[in-house]
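This report refers to the structure that appears directly beneath it.
Every chain is numbered from 1 and lettered A, B, ... according to where its sequence line falls, protein lines coming before strand lines.
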Amino acid sequence: MVDVNNFYVSCERAFNPRLTDVPVVVLSNNDGCAVARSNEVKALGVKMGAPWFQMKALARQHSIVALSSNYTLYGDMSNRVVSILREFSPDIEVYSIDESFLRVETVDHLYGGATAMGQAMRYRIRQWTSLPVCAGFGESKTLAKLANHLAKKNPVFDGVCDLTALTDEERQQWMGKIEVGEVWGVGRRIAVRLQIMGIRSVRDLATADLKLLRLQFGVVLERTVSELQGTSCLELDDLADPKQQIMASRSFGAMVDDLAELGEAVAWHIDRAAEKLRDQGSVAGAVYVFIQTNRFRQADPQYNPGVVVPLVDVSDDTRALTTAALKGLRHIYRPGYSYKKCGVMLMELTAKQQRQETLFDDAATRDKSAKLMVAMDAVNSVWGRGTLRTGAAGMSKGWAMRSENRSPRYTTSWEELPVAS
DNA sequence: TCTGGGGTCCTAGGACCC
DNA sequence: TCTGGGGTCCTAGGACCC
C-alpha cells in the first residue's frame with residue numbers, strides 16, 4: 001500500500017519550493033476547512049477538517065500559508081504517481097486520489113524483497129514527481145495499511161515498513177503501540193465501543209474473540225479482525241466498477257434565496273454529473289435534487305428538502321436530466337429561506353449498452369441526442385469545463401464558491417505553465 | 001462573516017409472495 | 001389453549017472510507 005504524504009500540500013510544494021519547511025494548509029472548496037496539513041501545521045494541533053475562520057489567529061501567529069484547493073493539479077499529479085506505480089506491478093487498485101494497493105508477491109524478488117522494492121518506489125516517485133510517499137507491506141489490505149501507518153510515523157522505517165519481515169514478537173510490539181482507532185475500518189463510533197470493552201490497541205483487537213465481535217459489531221468488523229490476523233478477506237479491485245450513483249453539489253459562496261438562481265446552480269451541477277455519467281458509459285433512471293439552509297446558523301429557520309424525480313426513460317442527455325432536476329427543485333423550493341448549498345445525485349445507473357427499448361422509442365431523436373452530447377463533451381474537454389453548457393446553467397454565477405488563493409494549473413493549462421526566471 | 005464533497009457496504013424491518 | 005415456513009424486494013439508517 002503506497003500513499004503520498006500530505007498529498008495536496010506536497011503537490012503545492014512540488015511547484016513552489018518556497019512552501020518547503022513552512023506551515024501550509026490546503027482548504028476545502030469554498031475555502032471552508034483545512035483538508036490537508038503540512039507536518040508543521042499538524043504539530044500545531046490543527047485537526048483535519050478544522051474550519052479555517054476559527055484558526056485565523058493561530059495562522060497569523062505562525063505565518064501559516066493557506067491555499068485554496070486546486071483539484072485539477074492534484075488529479076493530474078495523482079495520475080502521474082499511478083502510472084509510475086503501474087511499472088512496478090500491473091495488479092494495482094487505485095483506492096483514492098493518493099493511495100494505491102499493489103499485489104507484489106510475484107514481483108518483489110526483482111528488487112531483492114519488499115523493503116527494497118518500496119524504497120525503489122519512493123525514490124522513483126520522488127525523482128519524477130518530487131512527491132514524498134510511504135509504502136507498507138502486509139498479508140492483507142488492512143495489514144498493509146497498518147504497515148504504511150508505521151512507516152509514516154516512525155523514522156526508524158525510513159518510509160517503508162514490511163510487516164511480513166518482522167518477527168512475531170516485533171509485530172506484537174508495534175501493534176501494541178497503535179491505538180485501535182487507527183485501524184482501517186474502525187471509525188470513531190466503533191473505537192469508543194471497543195475501548196469500553198477494554199480493547200485499546202491494535203494488538204488487543206487482533207487477539208480479541210472473533211465470535212463475540214461478530215455478534216456485537218457484525219460481519220464488517222469480523223473481516224477487519226481476520227485481516228489483522230493475516231487472513232486476507234478484501235479482494236484487490238484492480239478493475240474499478242462503474243459508480244452506482246453520481247453526485248455533484250457545492251456550498252454557495254454567498255447565501256441564495258431566489259428560485260431562479262438556485263435553478264442555475266442545480267443545472268450547473270447536472271452538467272457536471274451528466275459528464276461523469278457519460279464518461280463511465282451509464283444512463284440514469286432517476287435524479288435526486290436537494291437544497292439546504294445553513295445548518296451552522298441554528299437561529300435561522302432550517303429547511304433541507306430533497307426529492308427523487310424518476311425519469312420516464314433512462315437517459316444520459318444533459319437536457320433531459322436538467323428538466324427532471326428543475327422540476328424537482330420547483331417542487332421542493334419554498335421562499336423565505338436563505339439557502340447555503342444545493343446538489344444533485346444521479347441514481348439507478350445502468351450500462352448504456354444494456355438500455356431497455358421502450359414502446360415509444362424514437363431512434364432518430366436518440367441518435368441526435370447522442371451526437372450532441374459527444375460534441376458537447378469534446379468541446380468541453382478541449383476548452384475547459386462549462387465552455388458549452390445548457391442555458392439553464394446561466395451566466396451570472398453569483399453563487400460561485402470562494403477560492404481566493406488557488407495556485408495555477410501548472411500541468412494542464414498552457415496559460416498557467418510555470419515560468420523559470 | 002466564515003464550517004467540504006464525494007463514495008461504499010451492511011442490517012433491520014416492512015410489504016408482499018406462495 | 002393452540003395460529004407455518006419458506007422466500008424476495010425495497011427502504012431507511014448507520015457505519016465506514018478518503
Side-chain angles (χ1 to χ4, degrees), chain A residues 1 3-8 25-37 46-57 59 66 68-71 74-75 78 93-101 141-142 145 148-149 180-194 213-224 227 233-235 237 240-255 265 269 272-273 276 280 285-286 288 290 292-300 306 308 310 338 340-349 401-404:
Chain A
M1 195 272 168
D3 82 338
V4 184
N5 308 342
N6 312 330
F7 180 53
Y8 299 168
V25 292
V26 173
L27 303 177
S28 62
N29 279 322
N30 240 346
D31 294 344
C33 304
V35 289
R37 302 152 294 154
V46 173
K47 298 285 179 238
M48 172 71 179
W52 170 236
F53 76 93
Q54 284 176 2
M55 42 185 278
K56 277 197 175 151
S68 303
S69 38
N70 183 351
Y71 286 104
Y74 311 148
S78 172
E93 172 186 345
V94 179
Y95 177 68
S96 77
I97 194 165
D98 73 326
E99 292 172 57
S100 293
F101 289 101
K141 282 178 158 180
T142 306
K145 280 280 267 190
N148 188 288
H149 175 86
V180 72
E182 298 290 343
V183 173
W184 189 44
V186 177
R188 256 205 358 246
R189 303 292 179 94
I190 290 179
V192 169
R193 287 172 60 195
L194 286 173
L213 290 175
R214 163 83 201 225
L215 227 57
Q216 297 241 331
F217 296 90
V219 66
V220 183
L221 191 71
E222 184 191 26
R223 279 202 289 251
T224 293
E227 285 239 320
C233 304
L234 302 171
E235 293 286 309
D237 284 326
D241 289 334
K243 302 250 182 289
Q244 299 173 43
Q245 41 185 238
I246 291 174
M247 187 143 161
S249 72
R250 283 288 178 281
S251 301
F252 304 130
M255 293 294 205
H269 294 324
R272 291 201 44 240
K276 293 189 217 171
Q280 70 167 25
Y288 176 74
F290 66 91
Q292 291 175 359
T293 49
N294 188 345
R295 67 196 163 100
F296 294 106
R297 302 189 52 147
Q298 284 299 325
D300 290 1
V308 175
S338 288
K340 175 65 181 166
K341 181 175 179 175
C342 76
V344 300
M345 194 156 82
L346 305 182
M347 307 164 59
E348 294 171 28
L349 307 189
M401 69 177 186
R402 275 189 305 278
S403 180
E404 290 177 352

Need to verify one output field. Residue with the more 5' nearest nucleotide on DNA chain B, A/Arg223 or A/Ser251? A/Ser251
I want to verify a distance call: between B/dG6, B/dT8, B/dT3, whose nearest atom is closest to the A/Lys276 side chain? B/dG6
Would you indicate which nucleotide in B/dC2, B/dT11, B/dG6 comes nearest to any side-chain atom of A/Val219? B/dT11
Can you check the A/Asp31 CG to B/dT1 P distance for me, whole Å? 18 Å
Any side-chain N or O of A/Lys340 below 4.0 angstrom from OP1/OP2 of B/dT1? no
Spacing of A/Asp241 atom CG relative to B/dG7 atom C1', expressed in whole Å: 13 Å
Regarding A/Lys141, tell me which of base, sugar-phosphate or nothing describes its non-hydrogen contacts under 4.0 Å with the strands shown. nothing
Looking at B/dC2, I'd like to know if its phosphate oxygens (OP1 or OP2) sit under 4.0 Å from a side-chain N or O belonging to A/Arg297. yes
Length of the CG-P vector between A/Leu349 and B/dG6, whole Å: 15 Å
Between A/Asn148 and A/Met1 the two heavy atoms that sit nearest each other are ND2-O, 3.0 Å
Base-pairing assignment for C/dA12 (Watson-Crick or G-U wobble, both under 3.5 Å): B/dT11
Give one of base, sugar-phosphate or nothing for A/Tyr95, where a contact means two heavy atoms less than 4.0 Å apart. sugar-phosphate
Base, sugar-phosphate, or nothing for A/Ala248, non-hydrogen atoms under 4.0 angstrom? sugar-phosphate
With under 30° as parallel and over 60° as perpendicular, where do the rings of A/Trp184 and A/Phe101 fit, or are they tilted in between? tilted
Expressed as a whole number of angstroms, how long is the span from A/Leu27:CG to B/dG4:P? 11 Å
Say you pick atom P in C/dC18 and the same atom in B/dT3; how far apart are they, in whole Å? 25 Å
With the side chain of A/Asn29 defined as its heavy atoms from C-beta on, choose the nearest nucleotide among B/dT3, B/dG5, B/dG6. B/dG5
Which one, B/dT3, B/dG5, B/dG4, comes nearest to the side chain of A/Ser28? B/dG4
Choosing from B/dG4, B/dT3, B/dG5, which nucleotide comes nearest the side chain of A/Gln54? B/dT3
Would you mind reporting whether A/Leu194 and A/Phe217 have side-chain heavy atoms less than 4.5 Å apart? yes
Mind calculating the distance between CZ (A/Phe101) and C1' (C/dC18) to the nearest angstrom? 11 Å
If you compare all heavy atoms of A/Glu99 against all heavy atoms of A/Lys145, which two are closest, and at what distance to 0.1 Å? OE1-NZ, 2.6 Å
Kindly point out which of B/dG4, B/dG6, B/dT11 is positioned nearest to the side chain of A/Cys33? B/dG4
Find out whether A/Val344 and A/Met247 are in side-chain contact, i.e. whether some heavy atom of one side chain is under 4.5 Å from a heavy atom of the other. no
Any base atoms under 4.0 Å from A/Trp52, or only sugar-phosphate, or nothing? Heavy atoms, all strands. nothing
Contact nearer the 5' end of DNA chain B, comparing A/Gln245 with A/Phe296: A/Phe296
Closest nucleotide among B/dT8, B/dT3, B/dC10 to the A/Pro51 side chain: B/dT3
Counting the atoms with a prime plus P, OP1 and OP2 as sugar-phosphate, which does A/Val183 contact under 4.0 Å by heavy atoms, base, sugar-phosphate, or nothing? sugar-phosphate
Student check: side-chain heavy atoms of A/Ser68 and A/Leu27 closer than 4.5 Å: no
Using a heavy-atom cut-off of under 4.0 Å over every strand shown, decide if A/Ile246 touches base, sugar-phosphate, or nothing. sugar-phosphate
How long is the line joining CE of A/Met401 and C1' of B/dT1, in whole Å? 19 Å
If you check every side-chain atom of A/Ile190, which of C/dA15, B/dG7, B/dG5 has the closest atom? C/dA15
Going by heavy atoms in the side chains, are A/Leu213 and A/Thr224 under 4.5 Å from each other? no
Using whole Å, report how far OH of A/Tyr8 lies from P of B/dG6. 12 Å
Taking atom C1' of B/dT3 as reference, at what distance in whole Å does atom CZ of A/Phe252 sit? 16 Å
Which part of the nucleic acid, if any, lies within contact of A/Asp98, taking any heavy atom under 4.0 Å across all strands shown: a base, the sugar-phosphate backbone alone, or nothing? sugar-phosphate
Testing B/dC2, C/dC18, B/dG7 for proximity to the side chain of A/Arg402, the answer is B/dC2
Does a side-chain N or O from A/Arg188 land closer than 4.0 Å to OP1 or OP2 of C/dC17, or not? no
Touch check for A/Gly218, heavy atoms < 4.0 angstrom, all strands: base, sugar-phosphate only, or nothing? nothing
For the side chain of A/Lys243, counting heavy atoms from C-beta on, which of B/dG4, B/dC2, B/dT8 is nearest? B/dT8
